[in-house]
Engineer: 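Take a look at the following structure, please.
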Amino acid sequence: MTPGPGPDSLRAVLDSVFAAPRYRWVTRPDAMASIRHYWALIRQWFTTLDEKHPLGYQAVVGTFLLILVVIVVRAVWLFVRTVQATPSAGTPIADPANRRDEGWYRREADRLAGRGQFAAAMQADFVALVLALDARRALHFHPSKTPGEYAREWSVASTRDEFRELVGRLYGYAFARWPCGAQEYSEWRARTAPDRYAPAR
């Protein structure tokens, strides 16, 4: 009978096999372990609070629910304001294919104001002002520009702050829904005379 391999030989073979990289068992770090740990602590704290101080537990839960309701209401309010800030179909838009002049936008502003649409009238009146300033080479009119871009482009140092304030008022009345009536519109019109920003040469 041929003797079998000794225990030491068998152990050496097994050790050499299990020393291969595929058999190296390494505990991989668990990125969620700390989150699960703190979540368990929080649950334990709530359970203990509920058992020992029921009124305190109800107060904490009520506070969290109130915060959640405030967040949801705030999100809905911002969504509604964003939708309302979208220019309506009656808002005048400069059409590059049919470029209207300053006089047309002034008349359109008067028409809209006569119908009580003062915020839209201010937008038309601002376009009229920009066209007038473009004719005086103080600005370069382009239908795709926003009022904010015109404010950044304005280069007359003596009236820069006043022009930027005018643009701020436009955004407030037309898009932030500041209260806007006949008095506010009258004050606005007093600020949109082209000579106020760039006297004719």
Side-chain angles (χ1 to χ4, degrees), residues 62-201:
T63 301
F64 280 123
L65 288 176
L66 180 62
I67 292 173
L68 179 62
V69 169
V70 169
I71 292 172
V72 171
V73 170
R74 172 72 175 173
V76 171
W77 180 78
L78 289 174
F79 174 77
V80 171
R81 291 291 297 270
T82 302
V83 171
Q84 289 179 344
T86 304
S88 63
T91 301
I93 301 174
D95 181 3
N98 182 23
R99 184 168 173 174
R100 295 162 175 148
D101 61 7
E102 174 193 356
W104 186 92
Y105 280 100
R106 294 287 183 194
R107 291 190 298 274
E108 179 68 4
D110 291 338
R111 185 185 70 83
L112 291 168
R115 295 172 56 182
Q117 299 178 5
F118 297 109
M122 288 179 179
Q123 294 177 71
D125 194 55
F126 182 77
V127 176
L129 172 62
V130 170
L131 287 170
L133 296 174
D134 178 77
R136 301 179 185 194
R137 301 186 184 279
L139 280 177
H140 178 65
F141 172 79
H142 193 279
S144 66
K145 283 185 179 178
T146 64
E149 288 176 308
Y150 289 120
R152 289 191 294 272
E153 181 183 313
W154 188 253
S155 60
V156 181
S158 61
T159 57
R160 182 181 296 119
D161 291 340
E162 187 174 5
F163 188 77
R164 289 178 177 175
E165 182 186 354
L166 182 75
V167 171
R169 286 174 174 267
L170 177 64
Y171 277 112
Y173 288 123
F175 302 110
R177 303 299 178 184
W178 292 357
C180 184
Q183 180 178 349
E184 289 78 10
Y185 181 69
S186 177
E187 293 173 356
W188 164 271
R189 283 302 290 265
R191 292 172 172 265
T192 58
D195 288 339
R196 189 178 185 125
Y197 303 97
R201 298 175 182 175

Engineer: Between Tyr173 and Cys180, which heavy-atom pair has the shortest distance, and what is it?
Structural biologist: CD2-CB, 3.8 Å
Engineer: Under 4.0 Å between a side-chain nitrogen and a carboxylate oxygen: does that hold for Glu153 and Lys145?
Structural biologist: yes
Engineer: Salt-bridged, Arg189 to Asp110, with N to O below 4.0 Å?
Structural biologist: yes
Engineer: Are the side chains of Tyr197 and Thr192 in touch, meaning some heavy atoms are under 4.5 Å apart?
Structural biologist: no
Engineer: Taking all non-hydrogen atoms of both residues, which atom of Tyr105 and which atom of Ala128 are closest, and how far apart?
Structural biologist: CB-CB, 3.6 Å
Engineer: What distance do Glu149 atom CD and Leu139 atom CG have between them, rounded to the nearest 0.5 Å?
Structural biologist: 11.5 Å
Engineer: Does Leu166 form a side chain to side chain contact (heavy atoms under 4.5 Å, CB included) with Leu170? I'd like the steps, not just the answer.
Structural biologist: CA-CA 6 Å; Leu166 182 75; Leu170 177 64; over 6 Å; no
Engineer: Side-chain contact test, heavy atoms from C-beta onward, threshold under 4.5 Å: evaluate it for Tyr185 versus Leu112 and give yes or no.
Structural biologist: no
Engineer: Nearest 0.5 Å, please: how far is CG in Leu133 from CG in Asp195?
Structural biologist: 9.5 Å
Engineer: Give the minimum heavy-atom separation between Leu129 and Pro194, together with the two atoms involved.
Structural biologist: CD1-CA, 3.8 Å
Engineer: Mind listing the closest non-hydrogen atom pair of Ala174 and Ala119 along with its distance?
Structural biologist: CA-CB, 4.0 Å
Engineer: Check whether Tyr150 reaches the backbone of Phe141 with its side chain - one donor and one acceptor, N or O, closer than 3.5 Å.
Structural biologist: no
Engineer: Given side chains that start at C-beta, do those of Val167 and Arg164 come closer than 4.5 Å, heavy atoms only?
Structural biologist: no
Engineer: Is any side-chain heavy atom of Phe175 closer than 4.5 Å to one of Gln123?
Structural biologist: yes
Engineer: Measure the acute angle between the ring planes of Phe126 and Phe163, then classify it against the limits of 30° and 60° as parallel, tilted or perpendicular.
Structural biologist: tilted
Engineer: Identify the two heavy atoms, one from Ala138 and one from Ala198, that lie closest to each other, and give their separation to 0.1 Å.
Structural biologist: CB-CB, 3.9 Å
Engineer: Might you point out which heavy atoms bring Glu108 and Ala124 nearest each other, and give the distance in Å?
Structural biologist: CG-CB, 4.2 Å
Engineer: Taking atom CG of Leu131 and atom CZ of Arg100, what is their separation to the nearest 0.5 Å?
Structural biologist: 11.5 Å
Engineer: Taking Glu187 for its side chain and Glu184 for its backbone only, find out whether a donor-acceptor pair lies under 3.5 Å.
Structural biologist: no
Engineer: Please determine if Glu165 and Arg169 form a salt bridge, counting it only when a charged side-chain N lies under 4.0 Å from a carboxylate O.
Structural biologist: yes
Engineer: Arg196 side chain to Ala190 main-chain N or O, any donor-acceptor pair under 3.5 Å?
Structural biologist: yes
